[in-house]
Amino acid sequence: MCKFCAEHGAGKRWYLNTKNYVDEMVKNDKEREEFVRNFAATVEKDGAYRILEALTPFKSESWMDRSRELREWYIYWHQGQPVTIEETKEIMKIASPIAKVECLCRRVLRAETGGEKYCLLFGMLLDYIRDWPDFTPTGVEPLTVDEAIDEVVRRDREGLVHTVWTFKTPYIAAVCQCATPVCLALRQALDFGYMLHKGEYVGVIDTAKCDGCGECVSRCQFGAIKFDPVIGKAYIDMWKCYGCGVCRAVCDRGAISMRERQSIPELKDEWFEPIKVPGSGRWE
Amino acid sequence: MSGLNRLKSRAVGGGSEMVEIRFDKEKCIGALRCGECLRRCPQAVFRSYPENRRRGEICDEWYLAPTYQVLCTGCGICIEHCKPGALSLIC
């Protein structure tokens with residue numbers, strides 16, 4: 001069981017625990033209220049950016065230290081984790097109210113201003129987000145539970161990864177639907193090793209069923225699936241897999257299944273990408 | 001400088017050998033008006049930031065910063081496509 005589930009799950013997955021969605025968590029905690037209120041306001045003051053900037057040109061040692069600090073900061077304030085489509089549907093039944101807005105990451109990283117709404121926000125965050133219309137230039141679109149479920153299923157078919165987000169852990173106020181590298185979180189996680197937990201599952205391919213079509217290879221946002229030309233089939237690097245289940249959705253043969261991370265001895269405590277110094281080959 | 005040497009110098013923290021992207025804010029017409037560099041960079045090195053933001057208003061002054069510069073390969077695609085010529089590369 002992951003640390004979050006042990007501390008905040010009440011016997012379940014932490015993100016399926018109804019308690020982590022109630023508005024009282026914000027109302028009764030001044031620090032959290034402040035964080036939620038300022039969330040949309042702080043995009044230009046983002047701490048991670050300042051640190052990256054200060055480290056360019058960087059020294060290896062300070063890079064490792066700062067990355068470790070950042071990892072802790074995100075675990076405390078704004079941690080994400082990929083969730084499978086089944087669990088995302090469950091989350092839609094628990095969270096309320098739900099609305100969708102434009103994605104700030106796509107705007108910030110790729111100047112994407114198409115008006116397509118990708119992000120699902122819940123509860124108190126919706127009240128505060130209206131103060132900062134950069135976040136919501138085309139408005140906030142409320143969704144019913146059924147509409148929200150249709151929305152996440154559609155995004156799953158498009159090949160986007162669902163991630164669940166805390167606002168001062170363990171309060172949950174958002175589900176993002178992302179891809180690499182337009183998502184700040186996936187970006188930060190893969191290149192620098194913080195901000196996103198690995199998921200509770202790991203994908204496994206049944207080689208007997210795989211016909212080597214390669215659909216899953218191009219879908220994987222984490223670079224975990226490769227095509228082996230010798231056997232003519234795809235395989236998953238389980239160390240790299242985040243357990244989002246996007247590959248499973250496109251497999252016509254039903255060759256991909258999700259296995260509990262806890263059932264795999266070497267992966268049961270594998271929650272983060274190793275911190276690396278880019279280009280140096282150094283690992284932690 | 002060869003690629004291998006560059007890697008070595010990074011490993012020992014010899015930052016001065018890194019490729020550096022220079023960004024001239026005076027010339028940039030704004031990330032949301034143009035955004036060519038953001039969209040075209042193969043490594044997605046750039047990130048845009050709003051300036052002079054006010055509560056309740058949409059900000060249209062978004063500038064950029066080569067935030068993920070450590071991943072830059074120095075390929076020069078951003079410079080080729082920067083219409084106002086706000087970017088330059090120091091190798």
- What are the two closest heavy atoms between A:A111 and B:A31, and how far apart are they? CB-O, 3.7 Å
- Item | For A:W132 against B:R54, the heavy-atom pair lying closest together | CZ3-C, 3.6 Å
- Query: Hey, is CZ on A:R154 packed in by over 12 heavy atoms from elsewhere, all under 6.0 Å?
  - Reply: yes
- Which residues satisfy the side chain to side chain donor-acceptor pair (under 3.5 Å) test with A:E116, sequence neighbours excluded? A:R155
- Task: Below 4.5 Å from any heavy atom of chain B, which atoms of A:R187 appear? Answer side chain, backbone, both or neither.
- Result: side chain
- Note on the structure: Heavy-atom closest pair (B:F46 atom, A:L109 atom, distance to 0.1 Å) is O-CD2, 3.7 Å
- Considering only heavy atoms, which portion of B:A44 lies under 4.5 Å from any heavy atom of chain A: side chain, backbone, both, or neither? both
- Message: Can you tell me which portion of B:E36 sits under 4.5 Å from chain A's heavy atoms? Options are side chain, backbone, both or neither.
- Response: neither
- What is the distance from atom CG of B:L32 to atom OG1 of A:T113, rounded to the nearest 0.5 Å? 6.0 Å
- Query: In terms of heavy-atom pairs under 4.5 Å with chain A, which of B:C34, B:C37, B:C59 leads?
  - Reply: B:C59
- Backbone N or O of B:L38 within a donor-acceptor pair of the A:R110 side chain at under 3.5 Å? yes
